[in-house]
Amino acid sequence: MLAHLPRRRAAAALAILGFLVAGCAKNAPQDIFRPAGSNAREIDDGLGGQKYIFILAGVVAAIVIAVVLFIIFKFKDRGQDIPEQTHGNPMLEIGMTILPAIILITVAIPTVAKIFNLAKSDDAACVVNVTGQQWWWEYDYPVQNCGGIEITQPIVTSGEMVIPAGVNVQLRITSRDVIHSYWIPRLNGKRDAVPGSLQPLRMQADQPGIYTGQCTEFCGLSHARMRQAVVALDSDSFATWVANQEEAYTSPTDALALEGEGQFISQCARCHQINGLTNSDGTPVLANPEQNLVSGAAPNLTNLMTRTGFAGFTFDLITDACREKLWNAPSEEFSALYLQGVWMDSPAGAEYPVCFNETALREWLRNAPGMKPMFVDPNNLSSTGGLYRGMPNLGLTEAQIDQLIAYLLERK
Amino acid sequence: MSAVTEHTDHGTEAHDHADHGSHPTTLTFVKVAIILAVITALETSTYWWVEDAHTVAMITLFICMAIKFVMILLWFMHLKWDSKLFSLMFYIGVGLAIAVYIVALMTFHFFA
Amino acid sequence: MAIIERPSAVPTFAGAGANAPAVVTPTQGLGVFKRPVAASGWKSWVFTVDHKKLGIMYGVVSMFFFLVGGVEALLIRLQLAAPDNTVLSAQVYNEMFTMHATTMVFLFVMPMAAAFANYFLPLQIGARDVAFPRINALGFWLFLFGGIFINTSWVLGGAADGGWFMYSPNSSPLFSPGHGVDFWVLGLQITGIASLVGAINLIVTVLNMRAPGMKLMHMPMFTWMVLVVQFLLAFAMPVITVALFLLGFERNFGATFFNVDAGADPLLWQHLFWIFGHPEVYIIILPSFGIISEVLPVFARKPLFGYKFVVFSGAGIGFLGWGVWAHHMFASGLGPVSVAVFSVATMLIAIPTGVKIVNWTLTLWGGKLWFTTAMKFAIGVIVLFTIGGVTGVTHAVAPSDTQQTDTYHIVGHFHFVIVGGAVMGLFAGLYYWWPKMFGKTLNEKLGGWNFWLMFWGISITFGAMHIVGMQGQPRRMVVWPEKLTGEGFFNLHFWNQVATWGAFTIAVGVAFFIVNVVVTARKKERAPLDPWDARTLEWITASPPKEHNFDVIPTVHALDEFFHRKYEEVEHEDGHVKLMKVKTAEEILAEEEARADAHIHLPSPSYWPIVLAFGLPIIAYGVIYNLILSFVGAAIVLLAGFGWALEPSVAEDSDYDPPAGGDSTKELATIG
Amino acid sequence: MADIAVHEGAHAHEHDAHGAHATSTGLSNNKLAMWLFLGTECLLFGGLISTYMLYRGRLGNGPGPGQVFDIPLTSISSFILLMSSLTMVLAVNAAKEGDDRNTRVWLSATALLGALFVGGQVYEFTAFYQEGLGFTTSLFGSSFFTLTGFHGVHVSLGIIMLMALVGIITRSKVPGDKAEVVELIGLYWHFVDVVWVVIFTLVYLIPA
Ligand code: HEA
Ligand code: HEA
Ligand code: CUA
Ligand SMILES: [Cu+2]
């Protein structure tokens with residue numbers, strides 16, 4: 001066995017070097033070594049950057065392993081005498097203490113600079129409030145001029161955050177219940193969403209595209225299914241998107257969808273807000289999630305169909321094929337495709353969107369907690385005083401679901 | 001850790017009751033207690049003049065606290081006469097506690 | 001068994017002396033109970049205060065918990081082997097990784113280190129026992145009862161599910177109803193007391209119970225590292241105690257320490273946890289550093305290179321370890337100043353740790369290396385720990401850490417340092433000291449399998465985790481979705497599967513150890529007294545050591561005392577001076593036995609430690625279910641406390657005659 | 001809970017000569033352990049004090065320190081605790097001189113003063129409670145009661161130990177060196193006093 005020792009160690013060394021090249025997987029959307037925006041690049045590049053420190057770490061490990069391999073080979077027991085009982089060599093020791101210190105100084109100084117660069121917040125051209133709750137993210141855009149585009153009424157959306165490409169966007173992150181963490185690996189490092197405090201984080205994407213991420217602070221039962229994305233659009237498309245979000249509500253004309261509106265008001269509106277929705281007597285329908293949910297919020301569904309994923313961006317609103325197409329679209333084509341959403345690939349004037357992933361949405365309405373574990377067993381809510389943590393199974397009939405789907409399809 | 005080393009060589013000859021001669025008498029203790037009582041009185045009095053002299057009161061209080069703390073340790077708890085090793089054990093604890101918790105409070109911008 | 005009379009026929013060597021007949025002295029403790037006196041049978045274990053028996057019990061129980069934690073790890077890996085897998089439900093998965101970590105850290109690595117410390121620290125410094133034998137027993141029972149207590153939560157409505165650092169407010173009653181977290185809080189509180197009293201005990205032991213001539217700078221490195229660890233424990237445990245009390249009060253008595261609605265700051269928990277938690281990781285690793293600092297010189301046939309530097313770097317690590325806790329919170333919004341300070345402070349730790357790595361390699365350099373299993377494990381530690389250590393440095397760079405934190409890259413880091421460093425080191429210790437503890441050498445061939453399977457299993461499992469971490473796979477996720485798998489060589493699917501295979505490889509490696517233990521226990525052949533040609537004091541006595549450790553307390557003249565008694569510089573005919581073995585261990589032992597002390601005072605067994613320890617889980621159950629139970633528990637504790645206080649540590653010496661006019665330094669009765 | 005070396009019998013000082021106390025440093029195990037324990041207690045109380053400092057201004061709807069604290073009363077109980085340290089020292093002195101009677105007297109006095117202090121605390125707590133500050137009223141309340149409660153429990157345990165010691169001395173049942181036992185409990189007692197010195201200043205006197 002001993003004879004094989006050196007070869008095995010060499011293999012180990014190779015394996016370790018292998019990790020270093022690991023940063024180049026194809027299509028891994030959360031690869032931390034593929035920055036796509038200035039902040040992530042700041043983290044990645046230069047002395048004190050991620051690449052440098054990883055290579056440095058690899059080299060140090062490789063040297064240690066190489067030395068150990070050499071020793072194992074060179075000094076193994078071949079029947080030699082008891083070796084000289086050397087006790088040490090202070091100069092050597094001091095040298096070997098100073099050397100790592102010097103290496104670390106080359107890392108430490110640029111690191112400090114980077115920390116302060118990344119913390120700057122005065123160069124933002126747009127602000128988005130990001131709020132985490134179990135187990136989805138809400139974004140709200142205050143009234144402002146966002147990178148040249150006027151936002152005239154507050155926009156509230158969930159799952160995907162739409163921003164103009166090339167613009168420094170300032171996120172203000174917080175939470176309504178436990179600690180979550182907002183992370184879009186290709187755009188910036190994480191920042192925790194801590195209830196009771198506002199945490200700043202800058203986002204900037206060079207090119208239009210979709211950048212996915214995941215809640216990275218353990219936040220309870222469905223932490224694994226709390227995802228998010230940043231969608232960067234070119235400036236015109238972003239303007240279109242904003243205009244679309246701000247469009248006034250109109251009741252559906254289609255009979256089925258109209259019944260769906262009724263269903264929505266009776267079943268869903270206690271949690272979900274749809275802006276502009278009114279009762280038959282013209283009074284606005286206002287959701288009161290705080291009386292139903294621990295976090296006091298449920299996704300705003302006004303423009304549900306402008307999104308491509310739902311329920312914490314875990315499930316797709318568009319079919320797999322369409323998602324692949326969208327995610328892999330070249331950046332010039334991306335914005336237009338995204339704006340089409342579920343209507344992507346549908347011929348003009350089509351009745352039904354080709355890309356719509358109806359199965360998933362139906363399943364959600366049929367039994368949400370079956371798709372995504374949530375704390376919604378009505379018999380087990382004593383600790384929260386009857387409030388849910390997530391969307392319960394509402395026991396809808398298939399007919400009701402048909403109506404609701406028809407209605408929700410209009411929310412574009 | 002280095003401070004510990006010096007004790008090792010002593011072997012068994014060094015021990016607690018090494019210096020009976022300098023042992024404090026009852027009178028010393030009573031004196032210490034009186035001083036402590038006076039300081040406490042001074043401290044308490046800040047409660048009434050604190051309105052007008054906030055900073056002065058703070059400084060006074062901290063100084064008084066430190067003096068009382070140290071006096072109890074040195075006299076009542078005998079550290080003045082006992083082995084340095086005892087002091088070391090305790091001071092590591094106090095030192096760590098002060099350092100660590102002050103830094104922790106600083107991250108909350110407590111002193112800002 | 002207050003006094004051990006030296007048996008008239010002195011058994012010569014090789015372990016036969018282990019069961020010297022004891023003179024048993026039953027006396028009364030509280031005026032009601034007789035002291036336990038059994039010298040054999042289960043009572044001799046349950047009421048024992050002998051550091052060696054306690055060490056073995058610590059070892060057995062922590063090994064058991066290792067298997068429990070390991071099976072939990074295997075379940076985790078099974079669940080993650082494929083995307084959207086359904087082996088475990090989300091709730092059970094969350095409980096699983098929480099308990100995996102809790103079990104491994106608090107119920108395996110820490111007590112396993114305590115096992116070695118208990119067994120070998122007195123032997124290495126030439127003492128007959130620890131300073132406070134009954135407190136030692138108390139520590140063990142608290143650990144055992146605490147561990148059982150936490151694990152009963154599995155059948156009492158589900159275990160804790162908040163992750164091992166139990167961040168608030170997710171751990172509050174609102175977000176984590178059920179009793180899992182309560183069990184966790186109270187159970188850790190109990191094992192925490194065990195660690196605290198154990199730490200005080202061992203520190204006093206090291207400082208006060210050394211054999212004549214054993215200066216601090218003559219102490220074996222294992223003893224040194226254990227000393228540093230005990231200081232860390234002594235000062236870190238109170239911090240987690242505070243945190244646990246605050247959380248417990250919040251959960252059970254309506255306080256609002258981490259409730260944001262009441263204005264609280266959830267980061268307070270994080271600070272308290274990590275002020276404890278970072279010293280904790282050095283508590284995990286330093287015992288193993290100590291062990292391999294023993295093993296490497298022995299099998300390289302050279303003294304440890306740069307002894308002083310290794311000592312001071314160990315102390316330095318312990319000291320610096322207090323100033324870096326917030327590197328676990330780089331993403332939590334501390335502000336750039338704090339982040340910068342903690343980032344740089346963290347990098348500093350690489351320096352003293354590097355000193356250790358350098359000194360270990362230089363110890364090997366120029367040696368005559370003998371690749372026993374223990375040696376293989378020790379070299380394995382150098383390699384695997386370094387890999388884990390340098391990834392630690394990549395986390396220390398805060399901007400870069402905001403990409404890595406809470407991904408599998410972190411999971412990879414800490415398993416490399418913990419499993420590749422601490423656990424491999426503990427295995428090195430098992431193979432190295434087994435002949436000392438049980439008089440038989442573990443099978444080397446099975447040991448080889450054990451080592452290589454673990455070594456490659458660890459590299460594969462946790463190496464793969466680095467890869468998936470760099471692909472952005474976050475930790476603590478019951479499922480990872482198919483659509484994020486990616487394509488090509490580095491896809492998540494493949495590497496998650498690799499990690500799972502690796503984990504099972506480790507398991508097979510561990511299974512080889514268990515087989516090895518069984519095989520070894522059944523073989524007749526006894527180990528030679530000094531199978532490794534070792535260097536430190538524990539090898540000077542019989543294997544296993546006699547109940548009183550040493551026939552006569554050795555006087556120490558140098559570092560590596562035992563080596564110096566065996567080897568001398570001998571002048572050859574040709575004028576060369578050469579280091580030669582001049583005495584065998586057997587001869588040295590025979591000498592010692594010949595001039596053995598006539599009367600040896602040993603601490604006597606006691607009922608009180610186990611009784612007192614038993615009261616605590618009862619208090620804890622009471623807090624969860626019914627406070628009346630708590631009062632019962634408290635009464636038990638109080639009564640046991642009184643019994644304890646009134647019971648002399650050493651049974652009354654009715655049959656004890658001080659040696660008339662004899663050398664009183666031989667009365668080692670100071671073992672309190 | 002300190003373990004006591006039994007070997008001494010009643011005449012500790014006479015034994016000094018033959019090194020029955022043969023520890024490596026020449027120091028008593030028990031005292032070393034006690035000092036170390038007190039060192040670790042600093043981190044315990046440090047954590048509680050920091051928690052209090054962080055939260056003292058967070059009053060919710062409850063009263064604040066300014067409304068509830070009764071400084072004259074607390075300074076009297078602080079004074080009492082301080083004086084109990086004096087009686088404790090005297091007890092230690094008496095014990096060292098082998099004067100059982102005075103040891104008992106001073107120990108009892110210490111316990112009595114301690115009990116007065118605890119009584120003061122209980123009174124204070126009830127008063128606060130009546131003024132609307134309960135354990136769960138606000139963060140200030142929770143952290144205040146936790147901190148002072150922990151201290152109170154320490155004092156109470158001290159009282160139990162003192163009284164037990166008086167009893168044991170009366171029945172001459174001390175296992176080991178009596179003077180040292182008294183001294184150990186004394187150290188603990190003084191430490192509890194030291195902690196109060198800090199609490200009194202930081203919690204009560206420094207204006208929030
Ligand atoms: C045995 C336990 C152990 C040890 C020894 C270490 C050692 C180190 N750890 Fe690790 N760590 C953990 C256990 C451990 N860690 C655990 C359990 C967690 C996660 C907790 C959780 O979140 O659940 C963690 C997490 C963790 C984080 C937080 C990551 C995050 O969550 O975002 C960081 C950040 O700085 C870190 C850093 C370090 C550093 C710098 C060291 C250093 O001590 C390493 C020093 C060693 C070397 C560097 C190698 C040898 C040195 C040389 C060969 C000299 C030359 C080297 C250079 C010049 C670089 N660790
Ligand atoms: C001492 C600490 C320690 C040790 C030794 C280990 C050992 C292992 N750990 Fe663990 N681990 C942690 C501490 C430790 N871990 C911590 C602190 C966390 C973080 C938790 C959190 O996020 O809160 C963690 C989290 C963690 C995760 C991440 C979970 C997640 O984030 O979702 C994973 C995933 O693979 C994992 C795997 C393993 C594996 C495969 C081993 C292996 O090395 C285990 C090898 C041992 C065995 C396999 C036992 C052998 C068993 C047998 C021989 C019995 C065979 C019998 C049968 C099969 C019946 N660990
Ligand atoms: Cu939200 Cu994890
Ligand atoms: Cu750490």
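Below, chain A is the first sequence line, B the second, and so on; all start at residue 1.
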* What residues of residues 96-106 of chain B sit under 4.5 Å from chain C when you count only heavy atoms? -> Leu96(B), Val100(B), Tyr101(B), Val103(B), Ala104(B)

* Asked: Of all the residues in residues 336-344 of chain C, which have a heavy atom that comes within less than 4.5 Å of a heavy atom in chain B?
  -> Ser338(C), Phe342(C)

* Asked: Once the angle between the rings of Trp81(B) and Trp75(B) is folded into 0 to 90°, is it parallel (under 30°), tilted (30 to 60°) or perpendicular (over 60°)?
  -> perpendicular

* Do side-chain atoms of Glu561(C) reach the backbone of His557(C) as a donor and acceptor pair under 3.5 angstrom? -> yes

* Asked: Within the distance-only criterion (no hydrogens, no angle test), does the side chain of Ser168(C) pair as donor or acceptor with the backbone N or O of Pro266(C) below 3.5 angstrom?
  -> yes

* **Donor-acceptor pair between Tyr282(C) and Trp322(C) side chains, under 3.5 angstrom** => no

* Structure fact -> Note: Phe258(C) and Pro169(C) closest approach over all heavy atoms is O-CB, 3.8 Å

Please list every donor-acceptor pair under 3.5 Å in which a side-chain atom of residues 234-241 of chain C meets a protein atom from a residue at least two apart or in another chain.
{"unit_1": "Thr241(C)", "atom_1": "OG1", "unit_2": "Met237(C)", "atom_2": "O", "d": "2.7"}

* Please round to the nearest 0.5 Å and tell me the distance separating atom CZ of Phe165(C) and atom CE of Met329(C). => 11.0 Å

* **Spacing of Phe132(C) atom CZ and Leu202(C) atom CG [to the nearest 0.5 Å]** => 11.0 Å

* Measure the CG-CG distance between Leu268(C) and Leu246(C) for me, rounded to the nearest 0.5 Å. => 6.5 Å

* To do: Give a yes or no on whether Phe29(B) atom CZ has more than 12 heavy-atom contacts from other residues, nucleotides or ligands under 6.0 Å away.
  => yes

* Asked: Checking heavy atoms, do the side chain of Leu272(C), its backbone, both or neither come under 4.5 Å from chain B?
  -> side chain

* Under 3.5 Å, is there a donor-acceptor pair between the His278(C) and His327(C) side chains? -> yes

* Under 3.5 Å side-chain donor-acceptor pair for His271(C) and Thr107(B) -> yes

* Residue by residue, scan residues 36-44 of chain B and write down, ordered by number, those that have a heavy-atom distance under 4.5 Å to chain C; if none do, write 'none'. => none

* Asked: Phe309(C) and Phe312(C): ring pair (Phe, Tyr, Trp, His ring centres under 6.0 Å), yes or no, with the steps?
  -> CA-CA 5 Å; Phe309(C) 283 85; Phe312(C) 288 122; 8.1 Å; no

